[in-house]
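Worksheet: the structure to be examined is printed underneath.
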Number of protein chains: 2
Amino acid sequence: MKNNIKAFRVKHHYTQDDLAEKLEVSRQTIISLEKERYNPSITLAFKISRLFNCSIEDVFIYEEE
Amino acid sequence: MKNNIKAFRVKHHYTQDDLAEKLEVSRQTIISLEKERYNPSITLAFKISRLFNCSIEDVFIYEEE
DNA sequence: ATTCAAAGTCAAGCTTGCTTTACATTGAAT
DNA sequence: ATTCAATGTAAAGCAAGCTTGACTTTGAAT
């Protein structure tokens with residue numbers, strides 16, 4: 001699973017800290033997601049896409065296997 | 001978070017077992033998801049929506065808080 | 001009334017998402 | 001050359017998703 005979180009974040013001029021606060025998660029979580037160390041929960045994925053006014057599919061790119 | 005998994009499953013004439021197999025998860029997982037005992041991982045959410053040829057947003061209805 | 005597939009419950013255990021804390025690196029501005 | 005905000009790493013622990021296995025309930029068909 002790939003994601004465009006960093007691109008969206010930068011486009012909105014948010015720091016990782018800003019984003020973490022808006023999403024009500026820790027900064028570590030943002031770092032880990034941007035570095036694609038793990039996938040977000042579906043709840044967090046929804047929060048992220050809502051914040052950026054787009055669909056989950058716009059932010060997260062699913063690749064089988 | 002609400003979901004329409006059962007509706008989609010029935011529409012496609014799948015049993016819980018069929019669906020579990022196609023998604024490569026246990027039948028317990030299907031039951032738990034249909035009963036909304038917990039949310040799926042985003043990977044599983046993608047698999048489900050792909051199987052039903054729709055978007056994650058079509059199957060899962062996010063409600064804040 | 002039985003039977004059988006489908007749907008359901010319960011509980012224990014593993015895996016993965018997320019938090020917290022503490023510390024290190026980068027890079028741009030002065 | 002320093003400084004400071006932003007980004008990064010590491011590790012331990014809690015919480016949520018998923019599995020397995022064994023057993024129960026439902027309901028439609030014969």
Side-chain angles (χ1 to χ4, degrees):
Chain A
M1 173 107 46
K2 299 203 169 178
N3 74 69
N4 306 317
I5 298 179
K6 180 167 186 177
F8 275 103
R9 174 174 66 78
V10 168
K11 178 157 49 158
H12 286 249
H13 303 103
Y14 293 155
T15 64
Q16 293 179 337
D17 236 340
D18 293 337
L19 185 54
E21 225 177 301
K22 286 182 187 287
L23 297 171
E24 298 177 302
V25 294
S26 69
R27 189 172 61 90
Q28 251 318 309
T29 296
I30 304 300
I31 292 174
S32 300
L33 291 179
E34 289 191 353
K35 297 254 150 189
E36 294 176 347
R37 286 201 227 281
Y38 51 68
N39 299 320
S41 66
I42 191 176
T43 315
L44 183 49
F46 262 113
K47 277 187 168 188
I48 293 172
S49 62
R50 291 297 169 272
L51 179 63
F52 292 139
N53 273 312
C54 60
S55 75
I56 289 187
E57 281 87 349
D58 288 331
V59 186
F60 301 93
I61 294 88
Y62 176 65
E63 305 158 305
E64 355 275 305
E65 217 55 22
Chain B
M1 173 108 43
K2 300 203 169 177
N3 73 69
N4 306 317
I5 298 179
K6 180 167 186 178
F8 275 104
R9 174 173 67 79
V10 169
K11 178 156 49 160
H12 287 248
H13 304 102
Y14 294 155
T15 65
Q16 292 179 337
D17 236 340
D18 293 338
L19 186 53
E21 225 177 302
K22 286 182 188 285
L23 297 172
E24 298 176 302
V25 295
S26 68
R27 189 172 61 92
Q28 250 319 309
T29 296
I30 304 299
I31 292 174
S32 300
L33 291 179
E34 289 191 353
K35 296 256 151 188
E36 294 176 347
R37 286 200 228 282
Y38 51 68
N39 299 320
S41 66
I42 191 175
T43 314
L44 183 49
F46 262 113
K47 278 187 167 188
I48 293 172
S49 63
R50 289 299 169 271
L51 179 64
F52 293 138
N53 272 312
C54 60
S55 74
I56 289 187
E57 281 87 350
D58 288 332
V59 186
F60 301 93
I61 294 87
Y62 176 65
E63 304 157 304
E64 357 274 306
E65 216 55 22

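Quick note on labels: first sequence line is chain A, next is B, and so on, each numbered from 1. If you're wondering where the values come from, they're calculated on a predicted model, not measured in any experiment.
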N/O donor-acceptor pair under 3.5 Å between A:N39 side chain and B:S41 backbone
no
[N] [atom2] sits how many Å from [X] [atom1], rounded?
X: B:H13; N: C:dA5; atom1: NE2; atom2: C1'; answer: 17 Å
X: A:F60; N: C:dG17; atom1: CZ; atom2: P; answer: 12 Å
X: A:R37; N: C:dT19; atom1: CZ; atom2: P; answer: 15 Å
X: B:Y38; N: C:dG17; atom1: OH; atom2: C1'; answer: 15 Å
X: A:I42; N: C:dG17; atom1: CD1; atom2: C1'; answer: 14 Å
X: B:K35; N: C:dA6; atom1: NZ; atom2: P; answer: 17 Å
X: B:E34; N: C:dA7; atom1: CD; atom2: P; answer: 8 Å
X: B:Q28; N: C:dA6; atom1: CD; atom2: C1'; answer: 14 Å

Donor-acceptor pair under 3.5 Å, B:R27 side chain vs C:dG8 base
yes
Side-chain heavy atoms of A:I30 within contact of A:L23, under 4.5 Å
yes
Flag the pair B:L33 / B:V25 as yes when at least one side-chain heavy-atom distance between them is below 4.5 Å, and no otherwise.
no
Could you list the donor-acceptor pairs under 3.5 angstrom formed by side chains in residues 50-61 of chain B, with sequence neighbours left out?
residue, atom, partner, partner atom, Å
B:S55, OG, B:E57, N, 3.4
B:S55, OG, B:D58, N, 3.2
B:S55, OG, B:D58, OD2, 3.2
B:E57, OE2, A:I56, N, 2.9
B:D58, OD2, B:S55, N, 3.1

Is there a side-chain contact between B:S41 and the phosphate of C:dT16, meaning an N or O under 4.0 Å from OP1 or OP2?
no
Between A:T29 and C:dC18, does any side-chain N or O lie under 4.0 Å from OP1 or OP2?
no
Following the transitive rule for hydrophobic clusters with a side-chain heavy-atom cut-off under 4.5 Å over Ile, Leu, Val, Met, Phe, Trp and Tyr, establish whether A:I31 and A:L19 coincide in one cluster.
no
Test: ring-ring contact (aromatic ring centres under 6.0 Å, His included). Region: residues 20-41 of chain B. Which pairs qualify, not counting sequence neighbours?
none
Any idea which of C:dC18, C:dG8, C:dG17 is nearest the A:P40 side chain?
C:dC18
Minimum heavy-atom distance A:P40-B:I42, with the two atoms named:
O-CG2, 3.3 Å
Under 4.0 Å from a heavy atom of chain B: give me the 5'-most and 3'-most nucleotides of DNA chain D that qualify.
D:dG17 to D:dG21
When all nucleic acid strands are considered with a 4.0 Å heavy-atom cut-off, which category describes A:D17: base, sugar-phosphate, or nothing?
nothing
Could you tell me whether A:T15 contacts a base, only the sugar-phosphate backbone, or nothing, with contacts defined as non-hydrogen atoms closer than 4.0 Å?
sugar-phosphate
Return the residues of residues 44-54 of chain A meeting this criterion: a heavy atom under 4.0 Å from some atom of DNA chain C. Order them by number, or give none.
A:L44
Report the residues that fulfil side chain to side chain donor-acceptor pair (under 3.5 Å) with B:T29, sequence neighbours left out, ordered by chain and then residue number.
B:S26
Would you list the pairs meeting salt bridge (Lys or Arg N to Asp or Glu O under 4.0 Å) in which at least one residue belongs to residues 34-47 of chain A, sequence neighbours left out?
A:R9-A:E34, A:E24-A:K47
